[in-house]
Amino acid sequence: MRRPVVAVTGAASGVGALLTRALVASDEIKQVVAIDERRGDVAEAHWHVLDVRDPAIADKLRGADVVVHLALDLDLETDAAARTAYNVRGTQTVLTAAAAAGVHRVVLCTSAMVYGALPDNDVPLAEDAELRATADATGVGDLLEIEHLAHRAPRAHPGLNVTVLRPTVLVGGTDTALTRYFESPRLLVVAGSRPAWQFCHVEDLVSALEYAALEKVDGELAVGCDGWLEQEEVEELSGIRRMELPSSVALGAAARLHRIGLTPSPAGDLAYTMHPWVVSGSRLHEAGWRPKWTNEEVLAELLEEVSGRHTVAGRRLGRKDATAAGAAGATVALLGTAALVRRARKARRRI
């Protein structure tokens, strides 16, 4: 087989940097073109420094066979409008530029969150299950729009193949609402819910992306550990006890805290800790790919990463704040803050 030239966007950091390093070390890859707003430290790659929203990216993609687009901003602290403008416009520009440059395959990475976390979800979900997520959770609206662009691109650009990878809860140098869940002094459990946890280590995501770059798989593919963990198993393995709240209290408090700017996570993030959204990875398995990590191993890695961090309702607390408030006290205090602020606002209106 002819060895492909692979371009990677977002190549200077995170998953993009890990993939770039893996590709330059592969005997199956002819050359790696690395694109980012700053130069990374993989000297063997051919670097271009520019914003992926710049139409000039088409010139940088000429000669590439495959583009793996990983330049996404899913930071909890980023302004939502700015995040969407970067993610959606960037993906649209890359798809259009790839087609113009004669690239025949683009690999995108979204999340299994696009399936939605719903009480009636199958466990596990088939990879061709309907995408029932809404835009209520952090970044999920962007990911759904990227999925729409991926579906539309082959019709708009005949000859362009688009492969989409959907990792489960990503762990390994990541900071998301779902990883912050394990930084809390108690694991919040909504009464009557049935959480199920399925993780994906970044090393497994990188190997799956390499599979896609080498055109060993195509279509829409879920990436994660085999199987899943029930909430009780997570609590036993982590040693963190639960704090159970009624749905109306948990969702109401989460919405109010986000609305008044005390937490970065909207109430929609909470659904992914309430309802199952685990997926079957059958398509990658059929192609011969296997995860190296188990759910138990990834959870242990995550707990080691977040050790010493203090987060309540998605909000990071300094060590001094956490010590002063106490574990359970910090949770109760933060949940009660929204009610206190609301009362203060009502009092001001009456003056």
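Heavy atoms only: backbone and side chains are in, while hydrogens, waters and symmetry mates are out. Start at 1 with the first residue, then count along the sequence.
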Got a salt bridge between [X] and [Y], using NZ or NE/NH1/NH2 to carboxylate O under 4.0 Å?
X      : Y      : value
Lys30  : Asp65  : no
Asp41  : Arg21  : yes
Arg53  : Asp51  : yes
Arg132 : Glu130 : no

How close do [X] and [Y] get, counting heavy atoms only, and between which atoms?
X      : Y      : result
Asp269 : Ala177 : OD2-CB, 3.4 Å
Glu77  : Asp75  : N-OD1, 2.7 Å
Ala213 : Val6   : CB-CG1, 4.2 Å
Ala64  : Ala7   : CB-CB, 4.3 Å
Ala98  : Val67  : CB-CG2, 4.4 Å
Thr9   : Ala71  : OG1-N, 3.3 Å

Given side chains that start at C-beta, do those of [X] and [Y] come closer than 4.5 Å, heavy atoms only?
X      : Y      : result
Leu149 : Leu108 : no
Lys292 : His201 : no
Arg180 : Leu76  : yes
Val190 : Leu270 : yes
Leu188 : Thr273 : no
Asp36  : Val49  : no
Leu125 : Ser280 : no
Thr138 : Pro264 : no

Atom CZ of Arg62 with >12 non-hydrogen neighbours under 6.0 angstrom:
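Result for CZ/Arg62: enclosed.
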
Mind running side chain to side chain contact (heavy atoms under 4.5 Å, CB included) on Glu220 and Glu127 for me, showing each step along the way?
CA-CA 7 Å; Glu220 294 80 33; Glu127 285 169 293; over 6 Å; no

Can you check side chain to side chain donor-acceptor pair (under 3.5 Å) on His258 and Ser265, steps first, answer last?
CA-CA 6 Å; His258 182 66; Ser265 298; over 6 Å; no

Candidate pair Ile57 and Thr93, rule side chain to side chain contact (heavy atoms under 4.5 Å, CB included), full reasoning
CA-CA 8 Å; Ile57 194 173; Thr93 302; 4.1 Å; yes

Looking at [Y], is its backbone amide N or carbonyl O close enough to the side chain of [X] to form a donor-acceptor pair, meaning the two atoms are under 3.5 Å apart?
X      : Y      : answer
Glu210 : Leu19  : no
Glu235 : Glu232 : no
Asn295 : Phe199 : yes
Gln198 : Cys225 : yes
Asp122 : Pro124 : no
Asp204 : Trp293 : yes
Arg39  : Trp47  : no
Ser307 : Leu303 : no
Asn121 : Pro276 : yes
Ser184 : Leu187 : no

Regarding Asp59 and His48, is there a side-chain donor-to-acceptor distance under 3.5 Å anywhere?
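No, His48 and Asp59 have no side-chain donor paired with an acceptor closer than 3.5 Å.
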
Is it true that His275 and Ser193 share a donor-acceptor pair across their side chains at a distance under 3.5 Å?
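Short answer, no.
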
Qualifying residue for side chain to side chain contact (heavy atoms under 4.5 Å, CB included) with Met274, from Val189, Leu118, Leu251:
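Exactly one pass, corresponding to Leu251.
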
Looking at Val140, Thr176, Val169, which hits side chain to side chain contact (heavy atoms under 4.5 Å, CB included) with Tyr272?
Val140

When rounded to the nearest 0.5 angstrom, what is the spacing between [atom1] in [X] and [atom2] in [Y]?
X      : Y      : atom1 : atom2 : answer
Leu131 : Tyr115 : CG    : OH    : 6.5 Å
Leu50  : Glu37  : CG    : CD    : 8.0 Å
Lys60  : Asp54  : NZ    : CG    : 8.5 Å
Arg194 : Glu230 : CZ    : CD    : 8.5 Å
Glu236 : Glu233 : CD    : CD    : 8.0 Å
Ile146 : Thr91  : CD1   : OG1   : 3.5 Å

Salt bridge (Lys or Arg N to Asp or Glu O under 4.0 Å) partners of residues 134-163, not counting sequence neighbours, each pair once
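Sorted result for residues 134-163: Glu147-Arg166.
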
Given the rule in the side chain to side chain contact (heavy atoms under 4.5 Å, CB included) test, do Thr294 and Val298 qualify, once you have shown the distances and angles that lead to the verdict?
CA-CA 6 Å; Thr294 66; Val298 180; over 6 Å; no

Where do Glu215 and His104 land on the side chain to side chain contact (heavy atoms under 4.5 Å, CB included) test, with the steps shown first?
CA-CA 11 Å; Glu215 304 185 61; His104 66 262; 2.9 Å; yes

With ILVMFWY side chains joined below 4.5 Å, transitively, what does Val123's cluster contain besides itself?
Trp228, Val278

Using the ring of each side chain (for Trp, its six-membered ring), is His285 parallel, tilted or perpendicular to Trp289, with breaks at 30° and 60°?
perpendicular

Are Asp218 and Thr163 close enough, and set up right, to give a side chain to side chain donor-acceptor pair (under 3.5 Å), and what steps lead you there?
CA-CA 5 Å; Asp218 58 17; Thr163 300; 5.8 Å; no

